[in-house]
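I have placed the structure first, in the form of structure tokens, so that the comments after it can refer back to it.
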Amino acid sequence: MSERIDVSIESKQPESPSGKPHPNTCPRCESHYRDDELREALWVCGHCGHHFPMPARARVEQLADEGTWQEEAAEIRSDDPLGFFDLRPYSERLVEAELNTGLGEAIVVGQASIGGHACELAVMDFAFMGGSMGSAVGEKFSRACDSALERSVPLVSVSASGGARMQEGILSLMQLPKTVSAVEDLHDAGCPFISVMTHPTTAGVLASFATLGDVLLAEPGALMIFAGPRVVQQTTREKLPEDFALSESNFRLGHVDAVVARPELPAVLTRLLGLFADGR
């Protein structure tokens, strides 16, 4: 009698060298993807529709018409005015973030055209220190507003942020009123502002420019809240709904105008920019 061979399949998901789940493993359905597969799918899970974080430059490539992107304020970098040190120097963290992402800061801004409509584009990247807003991010966003004003074109922003950058202290918190004032200048001049919120858009960024758009869009499943659900639950001592603070519940409550899947975003923005152009 021949020996029985066990042919059971190992179902454990791949892990990164650090022992954490591989970044290309879907947190919702645990499907695993190669880098090129995710890139081709715009970082959206083909099985359950989960939206992975999307690099800022890939986002620009998706939204901007080919050959129209002209980056601005690329030379701006964060400083370390407080000489901040936690487990490591802040200056060291900035260098590491730039090496890992290829970005000088957590936001890229520039001139672009979407669906044939000229606009100013500002896109945040959560991979750069959690998309936190320090003085450089606030300055770049404000310059994007100024550029939109100078050219009399709409501003389209895509936010992804954990909030203010703690390593810059009060200088980081000052970016809230600074960016709000920049958006107010847009409103006063009649320049449209379309804000797209992705996962996550929280704290200082949510409380400042991200929610001030003439049109507010959100990607599916995006967390949109000032304080995290865990903090809210511990404070209220109440069990929260499963979709608490997600884009779907924010839409249901009237906090956003539409929830738009990533592949559909260029067409929706093209439609909105066309409507604003026709109405001016």
Side-chain angles (χ1 to χ4, degrees), residues 54-65 67-79 98 101-115 117-129 131-161 163-165 168 171-172 174-198 201 204-217 265-266 269-270 272-273 276-277 280:
M54 188 176 189
R57 296 204 183 280
R59 177 87 64 175
V60 169
E61 184 178 344
Q62 181 209 6
L63 297 180
D65 297 341
T68 64
W69 169 250
Q70 298 179 45
E71 187 171 355
E72 299 172 333
E75 74 285 356
I76 295 179
R77 297 290 191 278
S78 287
D79 200 0
E98 183 166 353
T101 63
L103 302 176
E105 252 302 335
I107 190 171
V108 294
V109 302
Q111 301 179 22
S113 178
I114 298 177
H117 302 286
C119 65
E120 184 76 13
L121 190 56
V123 181
M124 302 190 75
D125 195 317
F126 191 76
F128 193 106
M129 297 190 69
S132 51
M133 181 168 66
S135 53
V137 170
E139 176 65 18
K140 293 183 74 170
F141 179 83
S142 297
R143 291 197 187 188
C145 292
D146 292 342
S147 180
L149 279 171
E150 290 172 5
R151 299 187 294 123
S152 296
V153 298
L155 170 65
V156 177
S157 78
V158 183
S159 55
S161 174
R165 188 171 297 173
E168 295 185 23
L171 298 176
S172 179
M174 286 170 60
Q175 305 314 306
L176 278 70
K178 178 177 180 175
T179 55
V180 169
S181 296
V183 172
E184 189 63 24
D185 290 340
L186 287 178
H187 292 330
D188 290 343
C191 283
F193 173 31
I194 302 173
S195 177
V196 182
M197 290 171 277
T198 71
T201 299
V205 170
L206 182 83
S208 58
F209 68 85
T211 50
L212 296 180
D214 297 291
V215 179
L216 301 179
L217 306 178
L265 188 57
L269 290 175
T270 297
L272 288 171
L273 292 171
F276 277 119
R280 298 182 71 181

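Contacts classified as side chain to side chain donor-acceptor pair (under 3.5 Å) and involving residues 117-126 (residues at least two apart or in different chains) are given here: Glu120-Ser147, Glu120-Arg151.
For the atom pair Met197 CE and Ser159 OG, the distance stands at 6.0 Å (nearest 0.5 Å). Rounding to the nearest 0.5 angstrom, the gap separating the CD atom in Glu139 from the OG1 atom in Thr179 is 11.5 Å. To the nearest 0.5 angstrom, Ile107 atom CD1 is 9.5 Å from Leu121 atom CG.
Every residue was checked against the ring-ring contact (aromatic ring centres under 6.0 Å, His included) condition with Phe128, not counting sequence neighbours, and none meets it. Partners of Ser132 by side chain to side chain donor-acceptor pair (under 3.5 Å), not counting sequence neighbours, listed by chain and number: Arg165.
Side-chain contact between Leu217 and Leu272 is present, with at least one heavy-atom pair separated by less than 4.5 Å. Side chains of Phe193 and Ser157 form a contact here, defined as non-hydrogen atoms less than 4.5 Å apart. Using a 4.5 Å heavy-atom cutoff, the side chains of Phe209 and Leu186 are not in contact.
Within a 6.0 Å sphere centred on CD of Glu61, other residues, nucleotides and ligands contribute 12 heavy atoms or fewer.
Contact check on Arg143 versus Glu105 returns no salt bridge, with no Lys/Arg side-chain nitrogen under 4.0 Å from an Asp/Glu carboxylate oxygen.
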**Request:** List the steps and the verdict of side chain to side chain donor-acceptor pair (under 3.5 Å) for Ser135 and Gln175.
**Result:** CA-CA 6 Å; Ser135 53; Gln175 305 314 306; 5.1 Å; no
**Request:** Could you check Val137 against Met124 for side chain to side chain contact (heavy atoms under 4.5 Å, CB included), going step by step and ending with a plain yes or no?
**Result:** CA-CA 9 Å; Val137 170; Met124 302 190 75; 4.1 Å; yes
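Residues Val153 and Ala118 share a closest heavy-atom pair of CB-O, 3.8 Å.
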